[in-house]
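Because the structure is predicted, anything quoted here is derived from the model rather than measured.
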There are 2 protein chains.
Amino acid sequence: MPPRQPRPPGAEPTSFPDLSASVGDRIKDLRTQRGLSLTALAAATRLGKGTLSELERGQRNPTLDTLFAITTALSVPLGDLLVATSGDLGPGRPPGPQAHGQNIDAELIGRWTEPAELVEVYRMTVGQGRRQSPGHTAGVIESITVVSGEVAVGPTDDPAHLTSGQSHTFPGDQDHVYEGLAHHSTTVLVMRYPLTPETTGDHHE
Amino acid sequence: MPPRQPRPPGAEPTSFPDLSASVGDRIKDLRTQRGLSLTALAAATRLGKGTLSELERGQRNPTLDTLFAITTALSVPLGDLLVATSGDLGPGRPPGPQAHGQNIDAELIGRWTEPAELVEVYRMTVGQGRRQSPGHTAGVIESITVVSGEVAVGPTDDPAHLTSGQSHTFPGDQDHVYEGLAHHSTTVLVMRYPLTPETTGDHHE
DNA sequence: CCCTAGCGTTCTATGAACAGAACGTTCCAT
DNA sequence: ATGGAACGTTCTGTTCATAGAACGCTAGGG
């Protein structure tokens with residue numbers, strides 16, 4: 001569907017139902033592609049689910065903040081909402097942008113490839129308590145920066161104790177632990193996966 | 001869900017623009033490029049010129065309709081406003097001691113509010129050379145994690161030397177430096193702006 | 001000196017975007 | 001059947017983006 005027509009002078013000054021509708025369609029496509037419910041996307045974006053419901057049906061005129069919250073949760077560039085061309089979102093990426101643990105939530109906010117590695121950036125919130133993580137694929141390196149709260153992270157036998165503003169880097173391919181020491185902690189997690197020839201890169205600048 | 005950005009009184013706009021500010025800068029650039037006054041652009045877009053004035057200064061959170069009206073009047077694609085975080089960082093700010101300068105690109109990939117602060121996450125790429133950054137608004141804290149390459153960052157008089165996987169945290173409200181030591185470096189930058197309850201609005205009703 | 005004309009900013013009222021709760025539905029488990 | 005869990009929709013009150021007017025500023029002309 002054409003996203004919209006450049007409105008000739010004399011048309012309605014307010015509200016372009018075409019535009020809102022096409023953006024809404026696009027959001028719904030992206031959401032369902034990932035198998036997310038409205039409730040899940042609402043949680044990931046921190047938007048009201050009523051808001052999303054009406055947005056998807058073109059009954060709202062979203063603000064820039066709202067659009068940005070949605071695109072980052074869905075990990076697409078902002079422009080992707082505005083070119084309603086039914087662009088499929090590239091290869092893989094079935095799992096969706098966020099993962100749940102009892103105590104841990106991770107939302108993918110950035111992902112790109114370097115010459116020799118794939119980089120993913122997560123916003124991770126950690127509730128109080130300890131959580132073991134088995135090693136991931138070989139060669140993975142994790143860097144965590146604490147935004148708020150207090151955590152102990154790192155190799156199971158030698159975790160680092162971090163508070164606001166502190167960072168730590170450790171190998172992600174051996175068992176490690178995330179332990180929330182405050183009631184609620186927010187962190188930024190950078191994961192770097194060595195690029196094997198099979199791991200085909202993704203797009204996005 | 002992000003309620004509203006902090007706009008500390010009397011402070012210059014940050015040179016790591018938040019989303020609204022960067023879009024505002026972009027609009028102003030495009031408008032002045034064309035020799036248009038606010039009044040003229042208001043007429044062309046059928047928006048209030050007060051609206052445009054505040055938009056350009058990052059004091060509003062425009063809706064999709066508003067953005068569309070502006071882009072069509074200026075005949076640029078909508079996406080042109082939204083990638084405004086790429087490119088030069090801080091419009092022509094510092095004639096400082098930068099040797100090669102300008103070689104910095106920052107893309108906003110995450111943004112949310114904590115109870116007491118606004119958090120922004122950038123993917124920042126740094127070319128070789130040194131770049132001074134003037135202090136941003138009071139209380140800002142920056143944390144940088146190097147993904148690839150090699151940089152020296154921090155307070156101008158005491159920068160830290162970082163390579164892949166290393167991180168550093170420093171106050172962003174005093175002069176600091178970003179220096180790329182490798183030909184090309186990629187980093188993740190976390191900026192935290194204190195949210196003081198009263199700085200939310202410059203006017204009240 | 002006024003005056004007027006253009007500029008960008010600030011003010012005021014209104015309507016809409018928003019969060020969150022309440023609702024109706026469907027689909028399981030018991 | 002009955003409960004409850006998940007879904008998407010609708011409702012309600014609050015916040016904020018918007019239009020347009022009023023304002024202050026800087027010329028330039030008579």
Side-chain angles (χ1 to χ4, degrees), chain A residues 12-17 19-21 23-25 27-70 73 81 96 98 100, chain B residues 1-7 9-10 12-13 18-21 23-25 27-32 34-71 73 81 111-113 115 118 195 197-205:
Chain A
E12 290 310 299
T14 42
S15 184
F16 308 82
L19 186 57
S20 297
V23 169
D25 287 347
I27 292 172
K28 183 164 193 171
D29 284 350
L30 291 168
R31 175 175 66 83
T32 52
Q33 253 178 32
R34 288 161 171 73
L36 291 173
S37 69
L38 273 187
T39 312
L41 184 58
T45 57
R46 314 257 162 131
L47 297 167
K49 69 173 169 177
T51 298
L52 289 173
S53 171
E54 296 192 347
L55 265 187
E56 287 190 350
R57 284 173 300 135
Q59 300 180 355
R60 287 270 186 94
N61 174 24
T63 65
L64 184 57
D65 271 0
T66 299
L67 292 175
F68 184 73
I70 293 170
L81 284 190
Q98 82 264 187
H100 285 312
Chain B
M1 179 271 219
R4 206 42 293 216
Q5 64 202 359
R7 175 87 21 206
E12 282 303 320
D18 63 9
L19 190 55
S20 299
V23 169
D25 286 347
I27 293 172
K28 183 165 192 171
D29 284 349
L30 289 168
R31 173 175 66 84
T32 52
R34 289 161 171 71
L36 292 173
S37 70
L38 273 187
T39 312
L41 183 58
T45 57
R46 308 204 167 188
L47 296 168
K49 71 174 167 175
T51 298
L52 289 173
S53 170
E54 296 193 349
L55 265 187
E56 288 190 350
R57 285 173 300 136
Q59 299 180 354
R60 288 274 185 90
N61 174 24
T63 65
L64 184 58
D65 273 359
T66 300
L67 292 175
F68 181 70
I70 293 171
T71 52
L81 286 190
R111 181 168 183 263
W112 67 87
T113 51
L118 170 68
L195 274 188
E198 61 173 320
T199 53
T200 326
D202 1 8
H203 46 270
H204 32 70
E205 59 255 66

(message) A:T63: which residues meet the side-chain contact (heavy atoms from CB on, under 4.5 Å) condition with it, sequence neighbours left out?
(response) A:D65, A:T66, B:N61, B:T63
(request) Please round to 10 degrees the angle between the axis of the first five pairs and the axis of the last five pairs in the helix from C:dC1-D:dG30 to C:dT30-D:dA1. (result) 0°
(message) Please report the distance, rounded to the nearest Å, between CG in B:L52 and P in D:dA19.
(response) 8 Å
(request) Apply side-chain contact (heavy atoms from CB on, under 4.5 Å) to A:T32 and list each qualifying residue two or more places apart in sequence or on a separate chain. (result) A:K28
(request) Would you please confirm or rule out a distance under 4.0 Å between OP1 or OP2 of C:dA17 and any side-chain N or O of B:T63? (result) no
(request) Find the distance A:L64:CG to D:dA17:P and express it as a whole number of Å. (result) 11 Å
Review item, nucleotides 6-13 of chain D N/O atoms under 3.5 Å of protein N/O:
unit_1	atom_1	unit_2	atom_2	d
D:dC7	OP1	A:S37	OG	3.2
D:dG8	OP1	A:R31	NH1	3.1
D:dG8	OP2	A:L38	N	2.6
D:dG8	O6	A:K49	NZ	3.4
D:dT9	OP2	A:S53	OG	2.6
D:dT10	OP2	A:R57	NH1	3.1

(message) Can you measure B:F68 atom CZ to D:dT18 atom P for me and round it to whole angstrom units?
(response) 15 Å
(request) Have a look at B:L47 and say if it touches a base, only the backbone sugar-phosphate, or nothing, with a 4.0 Å heavy-atom cut-off. (result) sugar-phosphate
(message) Checking the side chain of B:R34 only, and the main-chain atoms of B:L30 only, is there a donor and an acceptor separated by less than 3.5 Å?
(response) yes
(request) For A:R60, check side-chain contact (heavy atoms from CB on, under 4.5 Å) against everything at least two apart and list the hits. (result) A:T51, A:E54, A:L55
(request) Find the distance A:D65:CG to C:dC18:P and express it as a whole number of Å. (result) 9 Å
(request) List in chain and number order the residues that pass side-chain contact (heavy atoms from CB on, under 4.5 Å) with B:A43, two or more places apart in sequence or in another chain; answer none if no residue qualifies. (result) none
(request) Measure the distance from CG on A:L55 to C1' on C:dA17 and round it to the nearest whole Å. (result) 9 Å
(request) Determine, stepwise, if the pair A:E56 / A:L38 fulfils side-chain contact (heavy atoms from CB on, under 4.5 Å). (result) CA-CA 10 Å; A:E56 287 190 350; A:L38 273 187; 3.8 Å; yes
(request) Look up atom CG in A:L41 and atom CG in A:L52, then write down how far apart they are to the nearest 0.5 Å. (result) 5.0 Å
(request) Output all residues satisfying side chain to side chain donor-acceptor pair (under 3.5 Å) with A:R57, sequence neighbours left out; order by chain, then residue number. (result) A:S53
